[in-house]
Amino acid sequence: MTIEVEHRIDTVQQMRETFHDMRQPVAIMMALAAAAFTDPGLPAAVRHRLEQIIEQAEWLSDMIHGCLTAQQQEEPDETGNPGGGLADIVYVVGTAIDAECLTWPGDITLAAPTGPVWCTVDPVLLRRAVSNVLDNAARAAGPAGTVSVEIRRCDKTVMLAVEDNGPGFGEIPSGAGLGLSAVARNVIKYGGRIEYSCGVRGGARVSLWFP
C-alpha cells in the first residue's frame with residue numbers, strides 16, 4: 001500500500017507541474033490572437049479563424065485552471081480547504097500581465113505571495129475584471145509609464161490593487177475612459193467591494209476585495 005500511495009503522490013505532482021507549465025504558452029497564444037484581431041484590415045475569414053483560436057484558448061485556460069483547482073481541493077495548504085467555485089488570483093493576474101506585456105511597452109511590477117491565493121469568484125469573471133483594470137491602468141500610464149500590481153491576503157479577504165503613474169482620476173486623456181462599472185458589478189456580485197483612490201505614484205489606484 002505504501003508503494004501505491006507514493007506512486008499516486010508522484011503522479012499527482014507530475015500532473016500539477018504539467019498543468020503549471022501549460023499556463024504561460026496558452027496565455028501568450030490568447031494574447032497574440034487578441035492583438036492580431038484588432039487589425040482593422042483583417043479579411044473576414046482570417047478574423048473568423050482568430051475568433052475560433054481565442055475561444056479554444058480560453059476554454060483550454062479555464063480547463064487548466066479547473067484541474068489545478070481540483071488538485072488544490074484534494075491537498076489543501078495552510079490556508080485550509082479552498083472548497084469549490086474558487087479562483088487562484090495569482091495565476092489569473094499573472095496571465096493577464098503576460099498578455100498586457102505583449103501589446104504594451106510600459107513596465108508592470110507584481111508583488112504577490114508565493115503559491116496560489118484562492119478567492120471566491122468565478123475564474124472567467126475574475127480574468128475579465130483583472131484584464132479590464134490592468135488595461136485601463138496601462139492606457140492611463142501611457143507607453144512609457146509604470147503599473148504596479150499587488151495581491152495580499154487580508155484576514156478573510158483577498159486584496160488586488162492596481163496602481164499607475166498616470167494623470168489620475170478626472171485627468172485621463174480622451175479615449176482612455178475607466179469603464180469600471182462592469183468590474184464593480186461583478187465584484188459586488190461575489191460579495192466583494194471595489195475602492196478608488198489616488199496612488200503614491202500620483203496616478204489612480206483601484207483596489208478589489210474578494211472573499
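Rounded to the nearest 0.5 angstrom, W209 CH2 and K156 NZ are separated by 15.5 Å. How far CG of D122 is from CG of L126: 8.5 Å, rounded to the nearest 0.5 Å. Taken from NE2 in H48 to CD1 in I53, the straight-line distance is 10.5 Å, to the nearest 0.5 Å. Of the inter-residue distances, the one linking I89 atom CD1 with M159 atom CE reads 9.0 Å to the nearest 0.5 angstrom. For the atom pair W118 CH2 and Y91 OH, the distance stands at 10.5 Å (nearest 0.5 Å). With rounding to the nearest 0.5 angstrom, the CG atom of L160 is 8.0 Å from the OG atom of S207.
Although no hydrogens or angles enter the test, the distance criterion places a donor-acceptor pair under 3.5 Å between the side chain of N165 and the main chain of T146.
A search for side-chain hydrogen bond (donor to acceptor under 3.5 Å, both in side chains) contacts involving R193 returns E195, not counting sequence neighbours. Looking at residues two or more places apart in sequence or on another chain, you find a side-chain contact (heavy atoms from CB on, under 4.5 Å) between R49 and Q52. With sequence neighbours left out, A138 forms a side-chain contact (heavy atoms from CB on, under 4.5 Å) with E100, W104. For the side-chain hydrogen bond (donor to acceptor under 3.5 Å, both in side chains) test, residues two or more places apart in sequence or in another chain that qualify with D135 are R139. Scored by the side-chain contact (heavy atoms from CB on, under 4.5 Å) test, P113 finds V117, I151, R153 as partners (sequence neighbours excluded).
T120 is listed as a side-chain neighbour of P211, based on a closest heavy-atom distance under 4.5 Å. The closest side-chain heavy-atom distance from L134 to S131 is not below 4.5 Å.
Exactly one residue among V92, T157, V158 makes a side-chain contact (heavy atoms from CB on, under 4.5 Å) with C119. That residue is V158.
Heavy-atom minimum distance, V130 versus A96: CG1-CB, 3.7 Å.
Screening residues 159-168 for salt bridge (Lys or Arg N to Asp or Glu O under 4.0 Å) gives E163-R205 as the qualifying pairs, with residues at least two apart or on separate chains.
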- request: I would like to know whether I97 and V93 meet side chain to side chain contact (heavy atoms under 4.5 Å, CB included); could you show each step before the answer?
  value: CA-CA 6 Å; I97 289 176; V93 170; 3.8 Å; yes
